[in-house]
Every structure is written in C-alpha cells, then in structure tokens.
Asks: 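Right, I'll just put the structure down here and ask away after.
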Amino acid sequence: MQNNVLILDFGSQYTQLIARRVRELNIYSEIKPYNNPPKDLSSYKAVILSGSPHSVRGDNPPHPDLSEIKGKKPLLGVCYGAQYLAHFHGGEVGQSNTREYGRANLSMVKEGEPFLEGVSSNSQVWMSHSDTIKQLPEGAVRIASTHDVENAGYRIEGEDTYAIQFHPEVYHSTDGKKILENFLVKIAGVAQTWTPDAFVETTVADLKSKIGDDRVILGLSGGVDSTVAATLLHKAIGENLHCIFVNNGLLRKNEYTDVLKQYEGLGLNVKGVDASARFLDALEGESDPEAKRKAIGRVFVEVFDDESKLVENATWLAQGTIYPDVIESVSATGGPSATIKSHHNVGGLPDYMKLKVVEPLRMIFKDEVRRVGASMGLSAELLGRHPFPGPGLAIRILGDITPEKVRILQEVDHIFINGLREWGLYDKVWQAGAMLLPVNSVGVMGDERTYEKCVALRAVESTDGMTADWVHLPYEFMQKVSNDIINKVKGVNRVVYDISSKPPATIEWE
Ligand code: XMP
C-alpha cells in the first residue's frame with residue numbers, strides 16, 4: 001500500500017486515536033508495537049511515535065532502533081515520542097515541577113513554520129505527562145511553548161523531524177488535526193487518497209482475486225460489522241457467498257424475522273436457521289454466567305457446523321473482525337512481550353472444519369466500517385444499530401433461563417428501545433437494553449397485591465465499550481417507559497435504572 005503512515009506504539013492509551021485521526025485525513029495508517037516494528041519500511045512515507053505510560057528516565061524504557069527512520073523519513077514524536085527523541089539525542093528530560101494533565105494553551109508559536117501553519121497563537125492543547133523536556137536535543141529549534149512547558153514543540157534542523165509534548169490526536173487539542181495534516185501532507189507529501197470508496201474498490205478487487213470461484217460461508221449477526229463484511233463479499237463474489245443467520249432464541253422481539261427481511265432487501269444470499277429450541281434446551285437449569293456463555297458458544301458451533309456442511313465445497317469462512325481486535329498491543333508494563341488479542345465472531349470454530357479465514361474489515365476501525373457501509377448504500381438505520389451481545393438476552397436474564405423469562409424480557413426491551421426511538425434518544429445512546437432480575441418484589445395493582453419480577457434498564461454512552469457511563473435520560477421519558485412496562489408486561493411490577501459506570505461495573509450484568 002502506497003501512502004502509508006507507520007505509528008510506532010509505545011503503549012499510550014491514545015495510540016488508536018492517532019491512527020483514527022490520520023485516517024480521518026483520508027490517509028492510511030498502521031499501528032505497530034515499538035518492539036516488533038516492520039522489517040520493510042519502504043511503503044511508509046512518514047512515521048509517528050506515540051506517547052507512553054513510561055518515562056525515558058525509568059528502568060529499561062522503550063528504546064527502538066530508529067536508525068533507518070530518523071533523518072531518513074519524516075518523523076513526528078508525540079509526548080513520550082518527543083521526550084524519547086530529546087533524551088536519546090543529546091537533550092535532557094526531567095521530572096516536571098507540576099504534573100501536567102488536561103488543557104493548556106500555546107503561549108508561543110514560531111512564525112513561518114509549515115508544521116504549525118494555521119495554528120492560532122493561543123491554541124488549546126491537551127497535555128498528559130509528568131516528565132518534561134528540560135533541554136532540547138542537538139540541532140533542535142523550539143517552535144512552540146505553553147505557560148508551563150517551554151519546550152512544547154521543536155524540530156531538528158536539516159531533517160523532517162518534529163516533536164510535540166502535547167497530544168494532537170485528542171479532540172481537546174483544537175488544532176491537533178491541522179498539525180497532523182501539516183506534518184503528513186505539507187511536510188511528508190502523503191496523498192489523501194484513503195476514502196471509503198477507494199477502500200471498497202480495492203477490497204472488492206482483492207477479495208475477487210483471493211477467493212476466485214471458491215465458496216465462502218459467513219455467520220451474520222444482524223450487527224454492523226458482519227453486515228458490512230457480507231456486503232463487501234457479495235459485491236466481490238455474488239452468490240458464492242453463503243450467509244447463515246442463526247436464531248438462538250435469545251434475540252430481541254421480532255429481530256429474527258426483521259433482520260432476515262432486511263437482508264433479503266440487500267440481495268444477500270442468506271439462510272435463516274431457527275435453532276431456538278436447541279439453545280434453550282442446552283441452557284435449561286443453568287444459572288452460572290460463564291456456563292451459560294459456554295453452552296451458547298458450543299451450540300452455536302454445532303449449528304453453524306451442521307449448516308456449513310450443507311454448503312458444498314465451501315472453503316472459506318468470512319468474519320467481521322475489525323482493526324481494534326487485531327492490533328498487536330504493547331503490554332501495559334511495556335515489557336517486550338506483545339500480545340495479540342484474538343477474536344472469533346463465530347465463537348471459535350473447531351479445527352476439523354479446515355476453512356481458510358477471510359476478514360475484509362480487519363484493517364479498519366468501527367467508525368470506518370460505518371463509513372464504508374454508507375458508501376455501499378447501507379441505510380443509516382442499519383449502520384446506527386446499537387451493539388448487541390452474541391449470547392443475547394441470556395446474559396441479561398440473571399440466573400436460569402426459561403421461555404417465559406425470555407418472553408418477558410423481549411417485551412420489556414421492545415418497549416424501552418422503541419421508546420428511545422420515538423423520543424429521538426436512540427442515536428444519542430451508544431447501547432441500551434433491559435435486565436431481568438432474579439428478584440420478586442411486592443406491589444399493588446388495582447386492589448390486588450402482586451409479587452412479581454423487577455427489571456433494570458441500562459443505557460450507556462461509550463466509544464468502544466471498554467469504558468462507559470450511564471446516560472442521563474429525561475425523567476419524563478423514564479416515567480413513561482416505566483408506566484408502559486408495568487402496565488403492558490405481565491409479570492413485571494417494578495422498574496429500576498442502572499446508574500453504574502464501567503469500570504467498575506460492566507455494561508452487561510453477566
Ligand atoms: P461488558 O459487559 O463487558 O460489555 O461491559 C462490553 C460490550 O461487549 C458486549 N458483549 C459481548 N458481545 N459477545 C459479544 O458479541 C459476548 O459474549 C459479549 N459480552 C459482552 C456488550 O454488549 C457491550 O457492548
């Protein structure tokens with residue numbers, strides 16, 4: 001791939017943000033761990049060094065060999081990257097007198113620097129460091145300062161090497177994207193050709209030549225990733241793509257038929273398999289959360305295996321794996337061991353299936369998946385769907401699962417989600433759902449005493465599900481939804497709202 005940018009990761013919490021910001025400029029970028037950089041650098045037109053939880057003054061700080069990069073390719077050091085370029089090249093890094101976290105404003109921006117063109121002189125920047133650059137390295141020219149950080153930005157004379165103490169990738173750095181654009185486009189001359197349309201075109205061509213006339217099976221979940229992956233494959237190989245959509249009996253109300261209808265509308269070759277009874281049988285009497293998940297995973301593999309055997313000569317398995325699932329992450333301790341997160345949308349298939357794996361989305365982020373989907377004409381409604389866990393309502397029914405409990409929760413969830421849509425709140429929430437608690441409580445309806453189930457509603461905002469906070473839904477909305485649920489769903493007499501953040505709670509209750 002031409003016009004590629006390499007981001008060397010030193011373990012910062014913001015590294016993925018750098019890649020996303022670069023890609024928002026329509027420039028392709030890849031993250032690689034500092035301790036396992038690519039051997040062949042020829043396709044990279046510029047390199048960015050990320051921040052890090054480490055100090056260059058600590059024991060064994062990240063210290064990769066940059067001899068093939070520094071002075072030879074355009075190079076930008078961010079935070080730790082800037083300190084690294086100073087410390088190992090004749091400068092001095094020490095502890096700052098005050099720990100600097102959060103907003104700051106530039107107080108000096110050197111005139112005439114293409115790197116800082118269009119950056120206002122008091123531009124807000126985001127700081128997150130406890131070390132500071134006390135003395136610049138050899139050949140450096142200071143180009144920016146803040147009130148507390150004299151050496152907030154510098155460049156090296158005679159090289160395309162730049163360094164900034166603040167984080168341009170964080171939204172709070174108001175001119176951050178401009179700075180990245182100046183560096184990549186003006187200084188490094190990278191072309192802005194990475195667009196969703198271009199991605200679709202090259203991916204479809206790659207899939208065609210990789211798969212040829214072979215047959216591919218893909219497990220659709222109704223979610224954004226598997227749907228976009230299927231649409232790309234369908235463009236490439238048409239009817240040779242065989243999609244399987246399994247009803248595990250734990251989907252939302254009407255979801256099985258609605259989603260199948262939606263797929264028909266997209267022209268995909270989809271087979272719906274209603275295996276509800278198989279899943280519910282396997283779950284009978286089981287109340288341990290992990291055992292429930294394992295049972296669902298096992299039955300899914302069995303069902304999927306049975307179904308794929310019906311597709312003659314299938315040689316490939318397609319998955320909707322996305323980039324955050326495959327980035328080699330630098331361990332939190334910064335040790336040399338890099339771990340690779342593995343991800344199996346279909347719950348890990350047995351080896352005997354011997355299928356080759358194709359993952360058309362493995363190099364793109366979730367927001368890019370949506371943009372790619374939009375460029376292929378998928379509806380905003382489909383692309384904006386909330387995430388829904390593979391084990392479905394099973395992990396929202398606390399304790400054992402019965403068909404009656406599934407029915408109750410489907411009704412409650414339906415009222416809640418429809419309510420969010422009707423009140424224009426659905427798109428403001430990252431994920432929402434209801435939990436059926438293993439608790440009965442006393443209530444009164446008419447003149448009758450009731451002793452019925454309690455449900456908890458949960459709505460969170462998040463960017464990736466790793467952290468989340470509860471959403472401040474309007475009281476009037478909660479009042480209406482609570483009334484509707486208690487009046488319409490037989491078996492429920494109490495509704496509560498979950499106001500826990502993640503961490504320490506999780507989004508799902510099991
Ligand atoms: P937690 O509960 O860990 O959930 O805060 C984070 C996000 O992951 C989803 N989730 C799952 N998705 N299979 C999935 O496909 C699972 O087993 C699973 N468990 C949790 C959850 O809905 C939330 O979006």
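Remember, it's 1-based here, ligands and their atoms both numbered in the order they're listed. These numbers come from a predicted model, not from an experiment. Note that these values count all heavy atoms, side chains included, but never hydrogens, waters or copies made by symmetry.
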Asks: Do Tyr101 and His129 have ring centres separated by under 6.0 Å?
Replies: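 They do not qualify: ring centres at least 6.0 Å apart.
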Asks: Would you mind listing which atoms of ligand 1 come within a distance below 4.0 Å of any non-hydrogen atom of Trp430?
Replies: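 The atoms of ligand 1 under 4.0 Å from a heavy atom of Trp430 are 24 (O).
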Asks: Mind checking what makes salt bridge (Lys or Arg N to Asp or Glu O under 4.0 Å) contact with Arg370, not counting sequence neighbours?
Replies: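 Salt bridge (Lys or Arg N to Asp or Glu O under 4.0 Å) list for Arg370, sorted by chain: empty.
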Asks: Regarding Lys292 and Asp400, does a basic nitrogen lie under 4.0 Å from an acidic carboxylate oxygen?
Replies: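 Salt bridge between Lys292 and Asp400, a charged N being under 4.0 Å from a carboxylate O: no.
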Asks: Under 4.0 Å from a heavy atom of Thr506: give me the atoms of ligand 1 that qualify, with their elements.
Replies: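 That gives atoms 1 (P), 2 (O), 5 (O) of ligand 1.
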Asks: I'd like a table of donor-acceptor pairs (distance under 3.5 Å, sequence neighbours excluded) in which one partner is a side-chain atom from residues 257-267, with atom names and distances.
Replies:
residue, atom, partner, partner atom, Å
Thr257, OG1, Asn254, O, 3.2
Tyr263, OH, Gly222, N, 3.1
Tyr263, OH, Thr227, OG1, 2.9

Asks: Going by the atom numbers of ligand 1, which of them fall below 4.0 Å from some non-hydrogen atom of Gly390?
Replies: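 Once the distances to Gly390 are compared, the set is 12 (N), 13 (N), 14 (C), 15 (O).
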Asks: I'd like the name of whichever of Lys502, Arg458, Gln431, Arg396 reaches closest to atom 1 (P) of ligand 1 through any heavy atom.
Replies: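 When every heavy atom of Lys502, Arg458, Gln431, Arg396 is considered, Lys502 comes closest to atom 1 (P) of ligand 1.
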Asks: Within ligand 1, which atoms have a heavy atom of Gly465 less than 4.0 Å away?
Replies: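 The atoms of ligand 1 under 4.0 Å from a heavy atom of Gly465 are 6 (C).
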Asks: For the pair Glu24 and Lys177, find out whether any cationic side-chain nitrogen is under 4.0 Å from an anionic carboxylate oxygen.
Replies: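 Salt bridge flag = yes for Lys177 with Glu24.
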Asks: Any donor-acceptor pair under 3.5 Å linking the side chain of Ser52 with the backbone of His54?
Replies: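 Checked: pair present.
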Asks: Looking only at protein heavy atoms, which one is nearest to atom 11 (C) of ligand 1, and what is the separation?
Replies: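 Heavy-atom neighbour on the protein nearest atom 11 (C) of ligand 1: Pro389 CB, 3.6 Å.
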Asks: Suppose we measure from atom 7 (C) of ligand 1 to each protein heavy atom; which comes out shortest, and what is that distance?
Replies: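 Going atom by atom, the protein heavy atom closest to atom 7 (C) of ligand 1 ends up being Ile507 CD1, 4.4 Å.
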Asks: Among all protein heavy atoms, pick out the one at the shortest distance from atom 22 (O) of ligand 1; state its residue, atom name and that distance to 0.1 Å.
Replies: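 That would be Glu508 OE2, 2.5 Å.
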Asks: Is it the case that ligand 1 has an N or O less than 3.5 angstrom from some N or O of Arg293?
Replies: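 Indeed, backbone or side chain, Arg293 has an N or O that close.
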Asks: Does any N or O of ligand 1 fall below 3.5 Å from an N or O anywhere on Phe388, backbone included?
Replies: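 No, since none of the N or O atoms of Phe388 sits under 3.5 Å from an N or O of ligand 1.
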Asks: State whether Lys294 and Asp288 are salt-bridged, where the test is any N-O pair (Lys NZ or Arg NE/NH1/NH2 against Asp/Glu carboxylate O) under 4.0 Å.
Replies: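 No.
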